[in-house]
Q: 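Below you will find the structure I want to go over with you.
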Amino acid sequence: MTLNDRYLNPQVGRIVRTLGFDKTWVGGEGAHLIASSGQHYLDLFGGYGVFAIGRWHPQAVAAVEAVMEARTGNLPQLGVTLLSGVLAEQLLARAPGSVGAMVPANSGTEAVEAAIKVSRAATGRPRILYAEHAFHGLTLGSLSLNGNAEFRDGFGPLLPGCDAVPFGDQDALRRELERGDVAAFVVEPIQGKGVNLPPAGYLQAAQGLCKDAGALLVCDEVQTGLGRTGRFLALEHWGLQPDLICLSKALSGGLVPIGAVLVSRAAFDTVFDGMERAVRHGSTFGGNDLAAAAALATLRVLEEEGLIERAERLGRLLLELTRPLVDRYEVVTDVRGQGLMWAIEMGPPGGRARRSVWKAVERAQPGLFSQLITVPLFHEHRIFCQVAGHRMNVIKALPALVVEESEIRRFAAALEDVVARAEHVPSALARFGLQTGRRMLAGGAQR
Ligand SMILES: Cc1ncc(COP(=O)(O)O)c(C=O)c1O
């Protein structure tokens, strides 16, 4: 922490200390982080969703070790390697028929940057549409598609031609597309910020509207992909056939940075249409052997261990256990999710006294009430979870798909315990909230 405060990000240090999350993490295993006390904490951050197959999965570790042992002819640059070819083949075999080529990358934001560039170059059009509340990454191109002012403010001017439409609003999308200058609509099938599910029929309609307008549909599956929602790709829930699909996070088992964009053959061939244009997009480390080997192991583990079906089954169980909280507690306004991407939303309680406590806490810092849930979950139940975005009372869980059913049940029971207390002992919590609010800066490590 001393080194962090001196050389890295002291404001993150302040947040972590204020919430009492400043453990010394000495290890990780499956769905858990291990503190120096030896205690296991159920990790519902999942490294922002990278640990779908669990931390340090032996097969993924072995695959990376095998590449190092083999001293492969990695990154020849003007040349090709076997592992990234096999990875492209394996990903495309699991993706819808609308995509037929892969552009390698090293992160989610890089995958989105590639999607923006490919869409513009393939269509010859300038504009990119994105949804309000979207999160696609924090480099300048993907930040230009970010639907949250907290991230954008102060970094402008951002990319011209990027316009937001309300998530779920077909008419707004149609109006923008009708201008005839849209290269692509970039959308998360389920929004990570807030875990917002699309209204029925929306994504299918968006696909049709894009097709009619000659615009490309880009599904950002960086968070929802790789089994998280109970399908290999979330887009399978709606039978989508997008032109581009962005992947990252869980793809390499949380071991090696990775990203990839699956692209329709037609779009790809328009962009890379001659030898002189062969390297007009790329990245030095993209398609490296360590990442590809970890990704191939991840695909194998997902299938051998039945983790995608497991995500669906445990996700259903988690909803069954937690949805009743909406009826039992005034402060719980919604519980939602798909597979093991889950969220609970809180709102003000009824009754003048309690409502005024809520307002006081929220005045100290909007969205602070949810920290009154996450903090006792951490300290009393050893459950590590996150708020789903700035200034929102939504708590989110992205557990490893290998999580035990007993841990899902333990989480649901712990949640009810802290929600019940948050509702019934407002003044003590308000004291905590006001103290915390005064100390905390607005914003934080919320993804
Ligand atoms: C949907 C989505 N797209 C893109 C990104 C950016 O990924 P990265 O942090 O690897 O740049 C994220 C990260 O949270 C994400 O959730």
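Every number for a ligand or one of its atoms is a count from 1 in the order of the listing.
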Q: Which of the atoms of ligand 1 are close to E188, meaning less than 4.0 Å from one of its heavy atoms?
A: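 Once the distances to E188 are compared, the set is 1 (C).
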Q: Looking at F285, I want to see if its CZ is surrounded by more than 12 non-hydrogen atoms of other residues, nucleotides or ligands under 6.0 Å.
A: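 No, the 6.0 Å shell around CZ holds no more than 12 heavy atoms from other groups.
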Q: Would you mind listing which atoms of ligand 1 come within a distance below 4.0 Å of any non-hydrogen atom of Q223?
A: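 Counting atoms of ligand 1 from 1, those under 4.0 Å from Q223 are 16 (O).
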Q: Would you indicate whether W56, at its atom CH2, is surrounded by more than 12 heavy atoms from other residues, nucleotides or ligands within a distance under 6.0 Å?
A: no
Q: Between ligand 1 and K249, can you find any atom pair, the residue atom being a heavy atom, that is separated by under 4.0 Å?
A: yes
Q: Determine, stepwise, if the pair W25 / Y41 fulfils ring pair (Phe, Tyr, Trp, His ring centres under 6.0 Å).
A: CA-CA 10 Å; W25 300 115; Y41 284 69; 5.2 Å; yes
Q: Side chain or backbone, does G108 bring an N or O within less than 3.5 Å of an N or O on ligand 1?
A: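 Checking ligand 1 against G108, an N or O pair does fall under 3.5 Å apart.
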Q: Using a strict threshold of under 4.0 Å (side-chain N to carboxylate O), is an ion pair present between R175 and E178?
A: no
Q: More than 12 heavy atoms of other residues, nucleotides or ligands under 6.0 Å from CD of E29: is that the case?
A: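 For E29, atom CD is not crowded (no more than 12 foreign heavy atoms under 6.0 Å).
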Q: Quick check on contacts: which atoms of ligand 1 are under 4.0 angstrom from a heavy atom of G137?
A: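 Under 4.0 Å from G137, ligand 1 has these atoms: 4 (C), 5 (C), 6 (C).
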Q: Heavy atom under 4.0 Å from ligand 1: found in F135's side chain, backbone, both, or neither?
A: both
Q: Identify the residue among L217, L173, D220 that makes a side chain to side chain contact (heavy atoms under 4.5 Å, CB included) with V187.
A: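 For V187, the side chain to side chain contact (heavy atoms under 4.5 Å, CB included) check succeeds only for L217.
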Q: Would you mind listing which atoms of ligand 1 come within a distance below 4.0 Å of any non-hydrogen atom of D220?
A: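 Those qualifying, in numeric order: 1 (C), 2 (C), 3 (N), 4 (C).
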Q: Under a 4.0 angstrom heavy-atom cut-off, which atoms of ligand 1 come close to T109?
A: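 That gives atoms 6 (C), 7 (O), 8 (P), 11 (O) of ligand 1.
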